[in-house]
Structure formats: structure tokens, C-alpha cells
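What's counted below: heavy atoms across the whole structure, side chains too, no hydrogens, waters or symmetry copies. So you know, we letter chains A, B, ... as the sequences are listed, proteins then strands, and number each from 1.
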Amino acid sequence: MTKPEVSTPRAAELCEELRKVAEKARTFNRLLTTDAKVAQTPKEVIWTLNKAKLYRYVPVKPETERHKLPLLLVFAIMNRPHVLDLRPGHSFVEYMLHRGHDVYLLDWGAPGPEDKDLRFDDYTLEYLPRAVRKVKSVSGSDGFNMLGWCLGALISTLYASLRPDDGLRNLVLLTAPLDFTDKTAGGFIRWTSDQAFSADRIVAAFGNVPGEMIDYGAKALKPVENFVRNYINLWDNIDNPKVVEAWHAMNTWVRDIIPMAGGAYRQLINEFYKENRLMQGTLVIRGERVDLGRLRAPVLNVIAEADHITPPCQSEGVMERIRSTDKEVFRVKGGHIGIMAGSGAEKTTWPHIEQWLAARTD
Amino acid sequence: MSQNNDPFNPFDPTGMFKGVRDSGMDAWSKMMIQFVNTDAYARSTAVLLDTWLAGSAQFRKALEAAMTQALTGLNMPTRPDVTRLAERLTHIELRLDDLEAKLDEGLRAARRAAGPRARTPKGSDPS
């Protein structure tokens, strides 16, 4: 009777395997604990107010080849805007510069304890109009295009409705949370709609809402994806430099969390999520009622089909209310961040936005 | 990295983990997404957070009072003092920005009056 053959790893193979695992673990640890170089496109600060900064990216096209209208990017207030300029070769800002757009970015900055009472009123009617004035002054143009993302899109919508004659020519909204009619659409609205959830108590306790809290909330919407699969995917692809580079840049942005001004948080939960005032037509910003019917600029509304932070229904409803005759909804497969920063963004979202703007800019 | 077609390797912990993961990750993810989207989860986290905030409020108040007392005793500015100062600086910044806007407007009007040859070239900031 012969003995069955059992394949046993030899000592050398085992050592080699262990060495590879150790090397991967070292790389894994480095990626988790270090920052990648992000937001590297050359830019200059042209205006500041409190923590807010307005950047102008250095144009790469000669003036004769540039579009006439400047493009102002308005990002959300509870994250850094670096995701719009993630890394060389994969940057929305870089993409637009190379297609002749004069790009400006409004970075709201990280609020300090003294900013705990900042509200959407301040962002919309104190900061944004001043930044717009500066954009117009530096570019020498009376008009401008604006692109708002997430809460930046909310602020942009408020501004466009309240100041329709300020020179806004075209408005691009990305994953804009505007309509909170459906109280079961997504985790955020379910959590914050609960009777026991009190934004007032959170703000009373912290002043500004800690970035960690917001970060946890966003990740908890897809817990397995964010807390487990994200790291497993990295481990699986750790020998692939392209994947690793992309992951590192994205993780650097995700880790760079900032608090959200308490007043704005309270307003977001109470007036938008719970009472849906914007869509009800009862939202008042610095004494002015926000009427979406006053928004006349052409609108491109970009919706992420698999968005768990801003479900599509929170962005769609607004299209019926705005008065613009030139309006389009563009649905993209992907999530809240993925549609603009994912590997497919350069082939789907960016070209569509660029072509839409270019057709209306000259 | 473990290969899927490799025979079972007892010395490759990632290989074992991968097998377990591949068989259940999607189902686990879907289940968790459904779970966090339930009213029961929303209620329990809200109650938990509220309880914690209420419980820690007294402690925070006491700590703040003690810190304020200590800083005042040392003749040092307290948090509200620094906050007030920062607010004043922001107000000054706002006023400066208003002045800059007016100056800018004046300059543009003057250039318009002077004719097209005196206009600022595009891309330069006249202010």
C-alpha cells in the first residue's frame, strides 16, 4: 500500500511567503498612516475671509484659447476640497484647465470655536457673494459659471435663487441634497428624522460638530464597505502601483476630516432634513425667502445612481421647481464621491460637465 | 498574494481569510446596509447619543468652569476671550473686504470712463 502524497511547503517557500506577507504588511501600514501628495495643481490664493480661501488655478492655456467665463468650484463645508484636485493625472481641476477653463476654487476652511454660529445664511450671502465678486474682478468677466458639490451644491442653489442677477451664467450641481420629502430615502434622513435625534443637543455639547462624528456617520451608511472591504481590496491589490496610488490619495482625503460649523449643522438637520423648508418654499435666509422659481441660469444636475449619502430622489425634485428653461439631469453610475473621483470619472462625468459648460460658455 | 487556484496553504492566513470573505462579503454588506437603514437602528443610535450627551453635559460644564477659573487666576485669556477676539478680527476682515469692493468698483468705473485703452488686461487683479 502506497502512502498518499501530501504537498507540504518547504521551509524556503514558507520563509519567502512570510517575507512577502511582512513586506505587504509594511506597505499596508505605510499607506494607512502616511499622507499622499494631493491637490498639487499650481494655484494662488486671491482672497481670504476668516478661514475661507479663494484659489485661482494657474491657467495652462493661453488667453486666446481659454473660455470667456471663469468657473467657480464650491465644495462642501465639512470636507476638504482636495478631492477636486486629487492627484496629477487624475484631477478634475487639471482636466478643466487643460480644456481652457479659468478655474477658481472656494475652500471654506476648517471652522474654529469662534465659528460655531456660522449658518448657511453666512455661507450663502456673506462669503459666497464676496468670493464671486473677487472671481469677476480677477477674471475681468461680468459673468461666471459655478459648480457646487454636495452641501456646496446646496449653497450654490440658495445663492442662485437669491441672487439670480449676480452674473451666474451656468450652474452645475453635483449630488445636491435639496429635497427631503422622502423620509425613508437613505440612512442619514432616517437617523436624523428620529424624534430622539437632537441636533440642538449635539451643537450645545460640541459647538462645532466634530469631523470624526461626521466621518463615522458617512462610513456607517455602508459599514462593511467602508470599515472592512476598503482595506481588504487594498491588501489584495497592494502589488498594483496604480491601485495603490489611487487608494492612498483617496484615503489621504478621507482622513483629512474637519468639523462642521454648529449653526450650519443645526440648520441642515432641522430646516432641511426634518422640515424640508427649501422644497416647501418656507426657507428664509437672512430675512429673504428662498424661491427656487427665481433660479434662471441653465442647470446641469449630476446625480449618482448609487449615492448612499445623497440618494437620487434628494436631487431630482428640484428640477420641477427651478425656472431655468435649459436644464438637464445627468445620471451617472456610481457613488457620492466615485462619480467625480473614481477611476471612471474621466470618461463619464468630467467630459459631460466640460462639454455642457463649453457649449454655454463662449 | 494568494492565488485562487493554489492548493490550500495552511501558512497563508490571507488565503484562508479570502475564502471566507469571498463566500459571504456581499451578503454581509447588504445585510448591514439594510440594518443601518431600519427605524430600530435609527432609534437606538439616537437614544444612545442623546443619553451620552446628557450624561456628559455635567462633566463638561464642570471642566469648563474649572478651566476658566484656573486661567482667570493665572491672568490668562479664557476660551470665550479668544473666541471674542477672533470674531472681532473676522468683522474687521469683512469691513476691509467691503472697502476693497468699493475701491475695485471705483477703479473699474474710472477705467470705463477713461476708455478702452486704459482697461486692465484680463487675468490681472485691478484691486
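Ion pairing between a basic and an acidic side chain is recognised when a charged N comes within 4.0 Å of a carboxylate O; A/Lys134 and B/Glu100 show such pairing.
Contacts between A/Pro223 and chain B at a heavy-atom distance below 4.5 Å involve the side chain alone, from C-beta outward. For chain A, the nearby parts of B/Ala101 are the backbone and the side chain; heavy atoms of each come within less than 4.5 Å. No part of A/Ser193 comes within reach of chain B, as not one of its non-hydrogen atoms sits under 4.5 angstrom from that chain. Contact of A/Ile202 with chain B is made through backbone and side chain together, with heavy-atom distances under 4.5 Å. For A/Leu49, the parts lying near chain B are the backbone and the side chain together; criterion is any non-hydrogen pair under 4.5 Å. Neither the backbone nor the side chain of B/Arg84 has a heavy atom closer than 4.5 Å to any heavy atom of chain A. Using a 4.5 Å cut-off between heavy atoms, A/Glu126 touches chain B through its side chain atoms alone. With a 4.5 Å cut-off on non-hydrogen atoms, B/Arg43 touches chain A through its backbone and its side chain both. Proximity to chain B (any heavy atom under 4.5 Å) is shown, for A/Phe188, by neither the backbone nor the side chain. Neither the backbone nor the side chain of B/Leu85 comes within less than 4.5 Å of any heavy atom of chain A.
Within 6.0 Å of the CD atom in B/Glu87, the count of heavy atoms belonging to other residues, nucleotides or ligands exceeds 12. Heavy-atom contacts from other residues, nucleotides or ligands closer than 6.0 Å to CZ of B/Arg88 number 12 or fewer. Around the CZ atom of A/Arg286, the shell of radius 6.0 Å holds more than 12 heavy atoms that belong to other residues, nucleotides or ligands.
Put simply, CH2 on B/Trp28 and CZ on B/Phe35 are 13.0 Å apart, with the number rounded to the nearest 0.5 Å.
The most heavy-atom pairs under 4.5 Å with chain A, out of B/Val36, B/Thr90, B/Asp97, come from B/Asp97. Options A/Arg229, A/Lys222, A/Arg130, A/Arg201 differ in how many heavy-atom pairs under 4.5 Å they form with chain B, and the most are formed by A/Arg130.
In this structure, A/Phe28 has its ring center under 6.0 Å from that of A/Trp235. Aromatic ring centroids of A/Trp47 and A/Tyr55 lie 6.0 Å or more apart.
No side-chain donor from either of B/Tyr41 and B/Asp39 sits under 3.5 Å from a side-chain acceptor of the other.
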